[in-house]
Amino acid sequence: CRNGYQYWDNRCRKAKTSGSWTEDELYDLNIAFDKFKDQKVLMRQKYKHGEITLQEPNNWFISQRDVIDAIMMKHGK
């Protein structure tokens, strides 16, 4: 799970420091990252309360790599 967050964080950090992203692109990226973080918290809570198995958040984290990769590709980065 931690690796999933780090993957998103690294991609966002690269975008912010590259200087090649417009303000609007960074805004869209930040919105997507905020949604990711909110969903991450919900997954953690559901797991703690026994509502889901450990495999479900792990699968979700893996699927979210495609989301950030698609955002990066959309902006040609």
*Out of curiosity, Q6 CD to N3 CG, how far, rounded to the nearest 0.5 Å?*
5.5 Å
_Transitive ILVMFWY side-chain link Y5 to V41, under 4.5 Å_ = no
_Just verifying a value: how many Å separate E25 CD and S20 OG, rounded to the nearest 0.5 Å?_
7.5 Å
*With hydrophobic residues grouped by side-chain heavy-atom distances under 4.5 Å, do W8 and L26 end up in a single group?*
yes
*Hphob cluster co-occupancy, L42 + I52, side-chain heavy atoms under 4.5 angstrom*: no
_Minimum side-chain heavy-atom gap K35-D38 below 4.5 Å_ = no
*Can you establish whether the number of heavy atoms outside E51 located under 6.0 Å from its atom CD is more than 12?*
yes
*asked:* Is there a path of hydrophobic side-chain contacts, each under 4.5 Å between heavy atoms, that joins L54 and F61?
replied: yes
_salt bridge (charged side-chain N to carboxylate O under 4.0 Å, His left out), that's the test. Do R13 and D9 meet it? Break it down for me._
CA-CA 6 Å; R13 192 170 302 151; D9 188 50; 2.5 Å; yes
*Kindly compute the distance separating CG (D69) from CD (Q64), expressed to the nearest 0.5 Å.*
11.0 Å
*Do the ring centers of W60 and F36 come within less than 6.0 Å of each other?*
yes
*How long is the gap from CZ on R44 to CD on Q39, to the nearest 0.5 Å?*
13.0 Å
_In the structure I gave you, are the side-chain heavy atoms of M72 and W21 within less than 4.5 Å of one another anywhere?_
yes
*asked:* Apply salt bridge (charged side-chain N to carboxylate O under 4.0 Å, His left out) to residues D34 and K37 and explain how you reach the verdict.
replied: CA-CA 5 Å; D34 287 343; K37 291 185 286 186; 3.4 Å; yes
_Residue from I31, N30, L29 passing side-chain contact (heavy atoms from CB on, under 4.5 Å) with Y27_ = I31
*Residue pair N58 / Y47, side-chain donor-acceptor N/O under 3.5 Å*: no
*Same hydrophobic cluster for Y7 and V67, using side-chain heavy-atom links shorter than 4.5 Å among ILVMFWY?*
yes
